[in-house]
Undergrad: 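After the C-alpha coordinates below, expect a handful of questions from me.
Numbers restart at 1 for each chain; the letters A, B, ... are given by sequence-line order, proteins then strands. Note that the structure is a prediction, hence the values are computed from the model and not measured.
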There are 2 protein chains.
Amino acid sequence: MWKYEEVSAYAALAEPHRRQILDLLREGERPVGELVKRLDLSQPGVSKHLKVLREAGLVVVRTEGKQRVYALRPDPLAEVDQWLEPYRAFWSRRLEALEQHLEENP
Amino acid sequence: MWKYEEVSAYAALAEPHRRQILDLLREGERPVGELVKRLDLSQPGVSKHLKVLREAGLVVVRTEGKQRVYALRPDPLAEVDQWLEPYRAFWSRRLEALEQHLEENP
DNA sequence: GAATCATATTTCTATGTGGAAATATGAGGA
DNA sequence: TCCTCATATTTCCACATAGAAATATGATTC
(Lines give C-alpha, C1' and ligand atoms only; values in the text may rest on other atoms or scores of the structure.)
Protein backbone atom coordinates (compact mmCIF):
# COMPACT_ATOMS: atom_id res chain seq x y z
CA MET A 1 0.00 0.00 0.00
CA TRP A 2 2.88 2.35 0.64
CA LYS A 3 5.75 2.67 -1.74
CA TYR A 4 8.96 2.30 0.18
CA GLU A 5 9.99 5.83 0.69
CA GLU A 6 10.75 8.01 3.60
CA VAL A 7 7.94 9.96 5.11
CA SER A 8 8.49 13.50 6.27
CA ALA A 9 7.50 14.40 9.80
CA TYR A 10 5.16 17.01 8.30
CA ALA A 11 3.37 14.39 6.22
CA ALA A 12 3.11 12.05 9.19
CA LEU A 13 1.47 14.74 11.26
CA ALA A 14 -1.12 15.51 8.59
CA GLU A 15 -3.30 12.63 9.80
CA PRO A 16 -5.18 13.27 13.07
CA HIS A 17 -5.02 9.64 14.23
CA ARG A 18 -1.28 9.69 13.91
CA ARG A 19 -1.02 12.77 16.08
CA GLN A 20 -3.25 11.00 18.57
CA ILE A 21 -0.96 7.97 18.59
CA LEU A 22 2.02 10.18 19.30
CA ASP A 23 0.09 11.87 22.09
CA LEU A 24 -0.64 8.50 23.65
CA LEU A 25 2.99 7.43 23.38
CA ARG A 26 4.01 10.58 25.13
CA GLU A 27 2.72 8.99 28.33
CA GLY A 28 5.10 6.11 27.81
CA GLU A 29 5.65 3.12 25.55
CA ARG A 30 2.59 1.09 24.69
CA PRO A 31 1.78 -2.20 22.98
CA VAL A 32 -0.36 -1.98 19.84
CA GLY A 33 -3.35 -3.55 21.55
CA GLU A 34 -3.57 -0.72 24.00
CA LEU A 35 -3.46 1.84 21.23
CA VAL A 36 -6.23 -0.02 19.43
CA LYS A 37 -8.41 0.10 22.54
CA ARG A 38 -8.00 3.80 22.94
CA LEU A 39 -8.18 4.90 19.34
CA ASP A 40 -11.60 4.09 17.88
CA LEU A 41 -9.85 2.59 14.89
CA SER A 42 -9.45 -0.98 13.71
CA GLN A 43 -6.32 -2.92 14.53
CA PRO A 44 -5.14 -2.95 10.89
CA GLY A 45 -5.79 0.76 10.76
CA VAL A 46 -3.59 1.37 13.76
CA SER A 47 -0.90 -0.88 12.32
CA LYS A 48 -0.88 1.06 9.09
CA HIS A 49 -0.52 4.37 10.82
CA LEU A 50 2.24 2.95 12.98
CA LYS A 51 4.04 1.96 9.82
CA VAL A 52 3.91 5.52 8.56
CA LEU A 53 5.16 6.79 11.89
CA ARG A 54 8.01 4.28 11.75
CA GLU A 55 8.94 5.44 8.26
CA ALA A 56 8.96 8.98 9.53
CA GLY A 57 11.26 7.93 12.37
CA LEU A 58 8.75 9.12 14.93
CA VAL A 59 8.38 5.80 16.72
CA VAL A 60 10.45 2.71 17.36
CA VAL A 61 9.28 -0.84 18.08
CA ARG A 62 10.54 -3.41 20.48
CA THR A 63 9.28 -6.98 20.54
CA GLU A 64 8.37 -8.15 23.99
CA GLY A 65 7.03 -11.71 23.99
CA LYS A 66 3.96 -11.72 21.83
CA GLN A 67 3.61 -7.98 21.92
CA ARG A 68 5.16 -5.16 19.96
CA VAL A 69 5.80 -2.25 22.17
CA TYR A 70 5.99 1.15 20.52
CA ALA A 71 7.87 4.09 21.89
CA LEU A 72 8.02 7.74 20.92
CA ARG A 73 11.12 9.04 19.16
CA PRO A 74 10.39 12.72 18.89
CA ASP A 75 13.63 13.76 17.18
CA PRO A 76 12.06 14.39 13.75
CA LEU A 77 9.69 16.85 15.39
CA ALA A 78 12.67 19.04 16.09
CA GLU A 79 12.81 19.84 12.39
CA VAL A 80 9.20 21.00 12.47
CA ASP A 81 9.94 23.00 15.57
CA GLN A 82 12.86 24.70 13.87
CA TRP A 83 10.84 25.47 10.79
CA LEU A 84 8.21 26.99 13.00
CA GLU A 85 10.71 29.08 14.90
CA PRO A 86 10.69 32.23 12.73
CA TYR A 87 6.91 32.22 12.68
CA ARG A 88 6.61 32.29 16.40
CA ALA A 89 7.62 35.92 16.42
CA PHE A 90 4.56 36.79 14.35
CA TRP A 91 1.80 35.54 16.56
CA SER A 92 3.51 36.02 19.87
CA ARG A 93 4.74 39.54 19.44
CA ARG A 94 2.28 40.99 21.88
CA LEU A 95 2.82 38.25 24.43
CA GLU A 96 6.58 38.58 24.21
CA ALA A 97 6.38 42.31 24.65
CA LEU A 98 4.42 41.74 27.81
CA GLU A 99 6.88 39.16 29.10
CA GLN A 100 9.82 41.38 28.37
CA HIS A 101 8.14 44.24 30.14
CA LEU A 102 7.60 42.06 33.19
CA GLU A 103 11.20 40.85 33.16
CA GLU A 104 12.56 44.34 32.94
CA ASN A 105 10.16 45.66 35.55
CA PRO A 106 9.86 42.94 38.13
CA MET B 1 -9.92 19.28 -7.70
CA TRP B 2 -10.41 19.96 -4.00
CA LYS B 3 -13.61 19.24 -2.28
CA TYR B 4 -14.75 22.30 -0.43
CA GLU B 5 -13.71 21.61 3.07
CA GLU B 6 -11.49 23.21 5.57
CA VAL B 7 -7.87 22.29 5.48
CA SER B 8 -5.95 21.79 8.71
CA ALA B 9 -2.71 23.64 9.18
CA TYR B 10 -1.00 20.26 9.54
CA ALA B 11 -2.30 19.12 6.16
CA ALA B 12 -1.30 22.39 4.54
CA LEU B 13 2.26 22.01 5.80
CA ALA B 14 2.57 18.48 4.45
CA GLU B 15 3.51 19.81 1.02
CA PRO B 16 7.04 21.23 0.67
CA HIS B 17 6.07 23.87 -1.87
CA ARG B 18 3.47 25.22 0.50
CA ARG B 19 6.02 25.58 3.27
CA GLN B 20 8.24 27.36 0.78
CA ILE B 21 5.44 29.77 -0.11
CA LEU B 22 4.93 30.58 3.55
CA ASP B 23 8.67 31.11 3.94
CA LEU B 24 8.63 33.58 1.06
CA LEU B 25 5.66 35.42 2.50
CA ARG B 26 7.48 35.75 5.77
CA GLU B 27 9.59 38.41 4.09
CA GLY B 28 6.47 40.40 3.31
CA GLU B 29 3.40 40.28 1.12
CA ARG B 30 3.94 39.25 -2.47
CA PRO B 31 1.95 39.10 -5.70
CA VAL B 32 1.47 35.67 -7.24
CA GLY B 33 3.77 36.44 -10.15
CA GLU B 34 6.69 36.91 -7.83
CA LEU B 35 6.02 33.62 -6.11
CA VAL B 36 5.88 31.90 -9.48
CA LYS B 37 9.27 33.34 -10.42
CA ARG B 38 10.88 32.09 -7.27
CA LEU B 39 9.26 28.70 -6.94
CA ASP B 40 10.19 26.47 -9.88
CA LEU B 41 6.55 25.61 -10.23
CA SER B 42 3.98 26.52 -12.87
CA GLN B 43 1.60 29.40 -12.31
CA PRO B 44 -1.42 27.11 -11.99
CA GLY B 45 0.54 25.00 -9.55
CA VAL B 46 1.26 27.99 -7.38
CA SER B 47 -2.37 29.09 -7.56
CA LYS B 48 -3.54 25.69 -6.42
CA HIS B 49 -1.24 25.65 -3.46
CA LEU B 50 -2.33 29.16 -2.59
CA LYS B 51 -5.90 27.95 -2.57
CA VAL B 52 -5.04 25.26 -0.04
CA LEU B 53 -3.20 27.79 2.08
CA ARG B 54 -6.23 30.07 1.92
CA GLU B 55 -8.51 27.25 3.02
CA ALA B 56 -6.20 26.58 5.91
CA GLY B 57 -6.37 30.26 6.85
CA LEU B 58 -2.62 30.61 6.48
CA VAL B 59 -2.71 33.39 3.89
CA VAL B 60 -5.00 36.21 2.90
CA VAL B 61 -5.36 37.91 -0.48
CA ARG B 62 -5.80 41.50 -1.41
CA THR B 63 -6.52 42.68 -4.93
CA GLU B 64 -4.31 45.51 -6.04
CA GLY B 65 -5.01 46.56 -9.60
CA LYS B 66 -4.44 43.52 -11.75
CA GLN B 67 -2.47 41.75 -9.12
CA ARG B 68 -3.43 39.60 -6.17
CA VAL B 69 -1.17 40.24 -3.30
CA TYR B 70 -0.83 37.45 -0.77
CA ALA B 71 0.11 37.96 2.85
CA LEU B 72 1.00 35.58 5.62
CA ARG B 73 -1.51 34.95 8.38
CA PRO B 74 0.39 32.71 10.73
CA ASP B 75 -2.30 32.30 13.36
CA PRO B 76 -3.17 28.69 12.47
CA LEU B 77 0.45 27.78 13.04
CA ALA B 78 -0.05 28.58 16.69
CA GLU B 79 -2.12 25.43 16.98
CA VAL B 80 0.74 23.37 15.62
CA ASP B 81 3.09 25.15 17.95
CA GLN B 82 0.90 24.33 20.90
CA TRP B 83 0.58 20.72 19.91
CA LEU B 84 4.34 20.55 19.65
CA GLU B 85 4.83 22.13 23.06
CA PRO B 86 4.83 18.98 25.24
CA TYR B 87 7.25 17.29 22.84
CA ARG B 88 9.83 19.97 23.13
CA ALA B 89 10.80 18.70 26.55
CA PHE B 90 11.79 15.36 25.01
CA TRP B 91 14.37 16.37 22.49
CA SER B 92 15.70 19.36 24.33
CA ARG B 93 16.34 17.68 27.66
CA ARG B 94 20.04 17.37 27.10
CA LEU B 95 20.35 20.84 25.68
CA GLU B 96 18.41 22.32 28.56
CA ALA B 97 20.51 20.48 31.07
CA LEU B 98 23.58 21.97 29.45
CA GLU B 99 22.13 25.45 29.47
CA GLN B 100 21.11 25.17 33.06
CA HIS B 101 24.54 23.94 33.99
CA LEU B 102 26.09 26.94 32.28
CA GLU B 103 23.71 29.33 33.98
CA GLU B 104 24.46 27.91 37.38
CA ASN B 105 28.20 27.76 36.73
CA PRO B 106 29.02 30.84 34.73
C1' DG C 1 3.67 -29.69 16.23
C1' DA C 2 -1.06 -27.71 16.66
C1' DA C 3 -3.61 -24.03 18.67
C1' DT C 4 -3.76 -19.38 20.10
C1' DC C 5 -2.67 -14.63 20.80
C1' DA C 6 -0.89 -10.18 19.01
C1' DT C 7 0.18 -7.81 15.23
C1' DA C 8 1.28 -7.05 10.30
C1' DT C 9 0.21 -7.27 5.54
C1' DT C 10 -2.73 -7.71 1.57
C1' DT C 11 -6.76 -6.71 -1.08
C1' DC C 12 -10.42 -3.96 -2.24
C1' DT C 13 -12.77 0.40 -3.10
C1' DA C 14 -13.51 5.29 -2.87
C1' DT C 15 -11.42 9.35 -2.77
C1' DG C 16 -7.62 12.83 -2.48
C1' DT C 17 -3.59 14.72 -4.62
C1' DG C 18 0.19 16.79 -7.48
C1' DG C 19 1.57 18.46 -11.89
C1' DA C 20 0.95 19.86 -16.75
C1' DA C 21 -1.81 21.87 -20.20
C1' DA C 22 -5.70 24.30 -21.63
C1' DT C 23 -9.13 27.49 -20.65
C1' DA C 24 -11.70 31.04 -18.01
C1' DT C 25 -12.11 35.29 -15.40
C1' DG C 26 -11.59 40.00 -14.15
C1' DA C 27 -9.23 44.49 -14.08
C1' DG C 28 -7.13 48.07 -16.58
C1' DG C 29 -5.66 50.16 -20.91
C1' DA C 30 -5.90 51.12 -26.05
C1' DT D 1 -15.59 47.52 -26.88
C1' DC D 2 -11.53 44.81 -27.73
C1' DC D 3 -7.12 43.56 -25.94
C1' DT D 4 -3.80 42.30 -22.68
C1' DC D 5 -2.02 41.15 -18.30
C1' DA D 6 -2.33 38.56 -13.97
C1' DT D 7 -4.32 35.01 -11.85
C1' DA D 8 -7.76 31.32 -11.08
C1' DT D 9 -10.10 27.27 -12.45
C1' DT D 10 -10.81 23.09 -15.09
C1' DT D 11 -9.42 18.89 -17.11
C1' DC D 12 -6.58 15.21 -17.50
C1' DC D 13 -3.51 11.66 -15.74
C1' DA D 14 -0.84 8.90 -12.60
C1' DC D 15 -0.49 7.74 -8.21
C1' DA D 16 -0.98 8.07 -2.94
C1' DT D 17 -4.04 7.25 0.74
C1' DA D 18 -7.70 6.05 4.23
C1' DG D 19 -10.62 2.51 5.94
C1' DA D 20 -12.79 -2.13 6.07
C1' DA D 21 -12.34 -6.95 5.59
C1' DA D 22 -9.73 -10.95 4.97
C1' DT D 23 -5.57 -13.25 5.47
C1' DA D 24 -0.74 -14.00 6.89
C1' DT D 25 3.04 -14.08 10.21
C1' DG D 26 5.58 -14.92 14.27
C1' DA D 27 5.99 -15.92 19.09
C1' DT D 28 4.19 -18.45 23.02
C1' DT D 29 1.59 -22.23 25.09
C1' DC D 30 -0.27 -26.73 25.28
Undergrad: Have a look at A/Gly65 and say if it touches a base, only the backbone sugar-phosphate, or nothing, with a 4.0 Å heavy-atom cut-off.
TA: sugar-phosphate
Undergrad: Output yes when at least one side-chain N/O atom of B/Arg18 is less than 4.0 Å from OP1 or OP2 of C/dG18, else no.
TA: yes
Undergrad: Please figure out whether A/Lys66 or A/Val46 has its closest DNA chain C nucleotide nearer the 5' end.
TA: A/Lys66
Undergrad: Please report, rounded to the nearest Å, how far the C1' atom of C/dT17 is from the NE2 atom of B/His17.
TA: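 Spelled out: NE2 on B/His17 to C1' on C/dT17 is 14 Å.
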Undergrad: Roughly, in whole Å, what's the span from CG in A/Leu50 to P in C/dA6?
TA: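 Result: 16 Å.
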Undergrad: For the side chain of B/Gln43 and the base of D/dA8, is some donor closer than 3.5 Å to an acceptor across the two?
TA: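 Yes, the side chain and the base share a sub-3.5 Å donor-acceptor pair.
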Undergrad: Provide, to the nearest angstrom, the distance between the CD1 atom belonging to B/Ile21 and the P atom belonging to D/dA8.
TA: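 B/Ile21 atom CD1 is separated from D/dA8 atom P by 11 Å.
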Undergrad: Does anything in residues 25-32 of chain B reach DNA chain D, meaning a heavy atom under 4.0 Å, and if so which residues?
TA: B/Pro31, B/Val32
Undergrad: To the nearest 0.5 Å, what is the distance between CD on A/Glu15 and OG on B/Ser8?
TA: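 Here the rounded value is 9.5 Å.
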Undergrad: What's the separation between atom CZ in B/Arg62 and atom CD in B/Gln67, rounded to the nearest 0.5 Å?
TA: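 Result: 10.0 Å between the selected atoms.
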Undergrad: Evaluate the side-chain proximity of A/Leu24 to A/Arg38: yes if any heavy-atom separation is below 4.5 Å, no if none is.
TA: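 Touching, per the 4.5 Å side-chain cut-off.
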Undergrad: Examine D/dT17: is either OP1 or OP2 under 4.0 Å from a nitrogen or oxygen in the side chain of A/His49? Give yes or no.
TA: no
Undergrad: Indicate, with a heavy-atom threshold strictly under 4.0 Å, whether A/Gln67 touches base, sugar-phosphate, or nothing.
TA: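 Sugar-phosphate contact only - A/Gln67 comes under 4.0 Å of backbone atoms but never of a base.
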Undergrad: Taking atom P of C/dT7 as reference, at what distance in whole Å does atom CZ of A/Arg54 sit?
TA: 12 Å
Undergrad: Within this structure, what is the NZ-to-P distance between B/Lys51 and D/dA6, rounded to whole angstrom?
TA: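 Atom-to-atom, B/Lys51 to D/dA6, this comes out as 22 Å.
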Undergrad: Can you tell which of D/dA8, C/dT7, C/dA20 lies closest to the side chain of B/Ser42?
TA: C/dA20
Undergrad: So how far is it from B/Leu77 CG to B/Leu72 CG, rounded to the nearest 0.5 Å?
TA: 7.0 Å
Undergrad: Between B/Trp83 and B/Tyr10, what is the ring plane arrangement, given parallel below 30°, perpendicular above 60°, and tilted in between?
TA: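 Rings of B/Trp83 and B/Tyr10: perpendicular, over 60°.
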Undergrad: Any side-chain N or O of A/Tyr70 below 4.0 angstrom from OP1/OP2 of C/dA6?
TA: no
Undergrad: Among the nucleotides D/dG19, C/dG19, D/dG26, which one has an atom lying closest to any side-chain atom of B/Lys48?
TA: C/dG19
Undergrad: Any salt bridge linking A/Arg88 with A/Glu85? Criterion: basic side-chain nitrogen under 4.0 Å from a carboxylate oxygen.
TA: yes
Undergrad: Tell me: CZ of B/Arg68 to P of D/dC5, nearest whole Å?
TA: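 These atoms are roughly 18 Å apart.
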Undergrad: Can you check the B/Leu35 CG to D/dA8 P distance for me, whole Å?
TA: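 These atoms are roughly 10 Å apart.
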Undergrad: In terms of the nearest nucleotide of DNA chain D, which residue is placed more toward the 5' end: A/Thr63 or A/Leu41?
TA: A/Leu41
Undergrad: Report the distance from atom CG of B/Leu39 to atom P of C/dG19, rounded to the nearest whole Å.
TA: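 Rounding to the nearest Å, CG of B/Leu39 and P of C/dG19 are 11 Å apart.
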Undergrad: Less than 4.5 Å apart, side chain to side chain, heavy atoms only: is that true for A/His17 and A/Leu41?
TA: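 Contact flag for A/His17/A/Leu41 side chains = yes.
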Undergrad: A/Asp23 and B/Tyr87: side-chain donor and acceptor closer than 3.5 Å?
TA: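 There is such a pair between these side chains.
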Undergrad: When we call it a touch if two heavy atoms are under 4.0 Å apart, what does A/Gly45 touch: a base, just sugar-phosphate, or nothing?
TA: nothing
